[in-house]
Amino acid sequence: MPTFTAFLRSSSDEQLAGLLTRRPDLASPFPGNLTSLAVRATGRASLERALAGVDAVVVQVLEAVAALGGAARPAIQDAVAGGPHDEVARATDEALALALLHPDDEGALTLAPGVAELLGAHPAGLALEVTGPADPTALPSDDDPLAAPARAVLDALTWGPPVGLAPAPGSPAGDAVAMLVARRLLVRGAGRHVLLPASVALVLRGGRTHRGVATPPDLTQVPHRSAATVAAESASAGERCVRLVVRLLRAWEQDPPGVLRAGGLAVRELRRTAQTLEVDEREAAFVVELASAAGLLAVDDDEPAVFAPTTETDAWSALDLPQRWVTLASAWLATTRTPWLVGSRDERGSLIAALDPELSRPWAPRLRRSVLGVLAREPGGAPAADDVVAALEWSTPRTVPPRGAVDAVLAEATTLGVLGAGALSDAARVLLEPASHAATPADARPDAAAAFAAGLSPEVGDLLLQGDLTGIVPGRPSPALESLLERAAVVESRGGAVTVRFTPDSVRRALDDGLTADELVERLTTFARGGLPQALDYLVRDAARRHGRLRAGAASSYLRADDPALLAGLADDPRFADLGLLQLAPTVLAAQASTHELVEALRAHGLAPVAETPDGQVLHLERTVRRARRRGARRTASPVVTRTTDAAALVRRLRSSDQRRTAEVPDDGAPSSRTPGGPPAAGTDDPAAALALLREAAAARENVWVELVGPSGRPERRLLRPLRVEGGRLRAADPVRESELTVAVHRIGAVRRAADDEPDQDQDQEVT
């Protein structure tokens with residue numbers, strides 16, 4: 001029977017290139033030669049990675065091959081489907097392309113070394129480790145008094161699991177089990193357990209390893225949304241999410257929260273942030289984590305350490321809305337952060353905080369893409385979480401995520417606008433496509449930004465003002481109108497229209513930002529359809545008359561007013577004790593605090609001072625904001641870019657290096673010269689070839705001669721049957737000594753196949 005290494009060596013260049021493309025971990029780093037490739041391809045980590053990506057039908061094919069001990073294609077189709085079946089044929093080709101199967105001399109397919117161990121103890125519900133006669137005549141006949149309970153026992157074990165607990169003796173079921181054991185249709189296990197041998201189960205199943213071919217759920221039956229509805233809902237949610245991130249950055253640039261000793265955000269700070277954003281704490285945690293993943297937040301290590309916007313915030317804020325959304329959505333797809341775990345407890349019982357360094361999970365990006373990949377199969381489809389889990393159970397049965405994680409991904413995707421009305425948006429569909437080049441999120445996907453923009457409602461520059469100091473924007477405000485409303489009004493509601501209200505505080509905020517009453521009235525008049533109501537004009541001008549009546553300057557700083565009554569009592573007010581106010585004259589106060597601190601403290605208590613220059617001109621103070629340098633640990637890559645590998649070039653290198661190696665050391669070459677008088681079977685002392693030989697012998701259950709190096713450095717030969725090779729250790733059975741041993745791979749000097757017709761030879765004595 002050809003070895004797995006020989007199978008790879010006999011494969012065409014196209015087949016090897018396909019293998020390296022389908023299993024990219026085999027090519028990184030470069031394996032060097034085909035023997036090294038075989039060792040890597042049969043390693044547990046690589047096999048688990050390959051099995052994690054195959055669907056349920058491929059797993060059925062592998063289980064059928066394991067149950068049959070190797071079989072030709074027609075036998076596999078009969079075992080899985082009861083006859084020819086296109087899906088089984090497709091899955092068989094898939095397993096061959098992934099090198100999970102390989103053919104023998106007669107064309108039968110066998111499992112690659114190591115695959116059987118990963119299929120579990122009972123693949124397809126069969127106890128392969130238990131032998132028993134498959135004699136249909138041994139089954140109880142209808143006239144047997146124990147036929148009914150015996151058949152009930154067999155029916156319960158036939159399709160797995162093949163292990164059961166024997167009933168108490170003396171009962172009909174107990175007597176039936178005893179009869180089945182006596183006829184060797186059942187085998188006793190540990191304690192009261194009994195097992196149904198695989199050979200008997202296959203007879204009871206009619207030669208089938210599975211009831212039928214696994215089929216994916218029919219996603220065409222899930223609710224469907226129109227393209228217009230999906231685009232509109234997605235754009236609305238995405239716009240809201242971008243706005244929440246902007247509000248978060250503006251709040252934290254002026255008042256950044258501190259960093260816990262463990263590195264996260266305190267619960268009270270998260271609660272305060274939720275109140276600022278007017279959302280619940282779960283959504284606030286998501287917004288905070290999203291901004292951090294996009295590189296817009298980082299830890300500022302100045303004392304005290306705080307979370308502050310990064311230097312990239314200004315560049316991101318200058319982008320238009322679709323580009324800002326693409327940046328956030330790309331970061332969410334690529335980040336390893338798991339915001340839905342905020343508020344839960346870790347294995348130590350500690351509460352998990354937002355921005356906690358322990359909140360990263362390397363599988364999170366793969367989870368998001370697998371969940372969204374299900375929605376991408378059916379355009380416009382809005383499957384429920386149960387439908388998504390069912391689809392994943394078919395597409396990746398060995399790596400099905402928990403239901404809670406699927407719910408969390410769908411909820412986050414809805415909040416971000418990746419989903420609209422439960423269906424995948426066109427913009428998100430573009431982001432899920434593999435990119436062929438690296439670029440920044442803002443300019444790498446103009447097609448995604450364009451798809452997102454297509455769902456946005458048209459911008460409007462009209463403001464319908466009313467006499468009750470409210471206003472309505474009949475649509476999505478233009479950037480200029482949005483900026484004005486943020487400075488001068490309070491947004492009361494958003495939806496198809498935006499409702500705002502003007503208050504003395506909101507108008508004073510615009511004046512604090514440097515606008516005069518005339519400028520504010522002029523700008524409002526520019527957008528107002530139907531003119532400016534008299535009540536709003538009075539509000540603006542009344543606020544302007546009171547604004548700036550108190551003026552602050554540097555002395556360290558001072559405070560002066562034309563009316564002495566405005567300053568009366570301020571110096572003695574305990575609320576301003578930290579400012580160090582001292583009255584120099586009825587209209588002048590001096591302060592120990594800086595001008596900026598003085599102005600902000602007075603504004604916080606309802607007064608409306610402004611700063612002035614030495615010549616008495618009004619000076620508009622810029623708000624103090626903090627910026628943190630973006631850290632590598634917090635960087636979020638561009639939208640996930642697929643690394644392209646020139647598989648054909650790698651195959652050429654493999655062929656060339658393998659030919660050179662074969663020329664130097666012939667395949668299964670001469671016996672090692674380290675052990676004079678050793679068995680004549682061919683072998684190798686090359687480490688990679690030795691590992692491949694051990695794994696192939698374990699898969700085929702063959703004996704090999706192993707040269708072990710003892711503690712003193714002296715070699716000894718032992719005839720062993722490898723059971724498992726993993727983690728740098730060999731576990732093997734010694735048929736001569738009837739024992740098992742585990743030995744480190746680095747103690748193995750050479751490995752040789754034991755010829756089937758070779759008589760057992762005395763093994764070397766152990767070196768003590």
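Values in this document were obtained by computation on a predicted structure and should not be read as measured data.
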Pairs touching residues 257-270 that satisfy side-chain hydrogen bond (donor to acceptor under 3.5 Å, both in side chains), sequence neighbours left out: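 Pairs touching residues 257-270 that pass the test: E269-R272.
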Whether [X] side chain and [Y] backbone form a donor-acceptor pair below 3.5 Å:
X    : Y    : value
R369 : L432 : yes
S483 : A480 : no
T310 : A298 : no

Pair [X], [Y]: side-chain N/O donor-acceptor within cut-off below 3.5 Å:
X    : Y    : result
S594 : S557 : no
W332 : E412 : yes
H605 : D573 : no
T276 : T273 : no
T470 : D468 : yes

Whether W325 and F452 hold their rings parallel, tilted or perpendicular, with breakpoints at 30° and 60°: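 Taking F452 first and then W325, their aromatic rings lie parallel (interplane angle under 30°).
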Residue pairs, two or more places apart or on separate chains, that pass salt bridge (charged side-chain N to carboxylate O under 4.0 Å, His left out) and touch residues 472-491: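 Applying salt bridge (charged side-chain N to carboxylate O under 4.0 Å, His left out) to every pair that reaches into residues 472-491, excluding sequence neighbours, yields R250-E486, E459-R476, E482-R494, R487-D513.
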Salt bridge (Lys or Arg N to Asp or Glu O under 4.0 Å) evaluation trace for D505 with R508: CA-CA 5 Å; D505 287 340; R508 190 173 67 228; 3.0 Å; yes
Check: L359 and T336 side chains under 4.5 Å, non-hydrogen atoms: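 A side-chain contact under 4.5 Å is absent here.
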pair L524-F502: side-chain heavy atoms closer than 4.5 Å: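 A side-chain contact under 4.5 Å exists here.
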Point-to-point distance, once rounded to the nearest 0.5 Å, from CD of Q275 to CD of E281: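 Rounded to the nearest 0.5 Å, the CD-CD separation comes out at 8.5 Å.
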Exercise: identify the closest heavy-atom pair between A590 and L584: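 So the minimum-distance heavy-atom pair works out to CB-CD1, 3.6 Å.
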Sequence-distant partners of F527, ring pair (Phe, Tyr, Trp, His ring centres under 6.0 Å), two or more places apart: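 Testing F527 for ring pair (Phe, Tyr, Trp, His ring centres under 6.0 Å), a comparison that skips the adjacent residues, returns none.
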D562 CG: over 12 foreign heavy atoms closer than 6.0 Å: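 Open.
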D537 and its side chain to side chain contact (heavy atoms under 4.5 Å, CB included) partner, picked from V521, D542, T525: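 Filter result, single survivor: V521.
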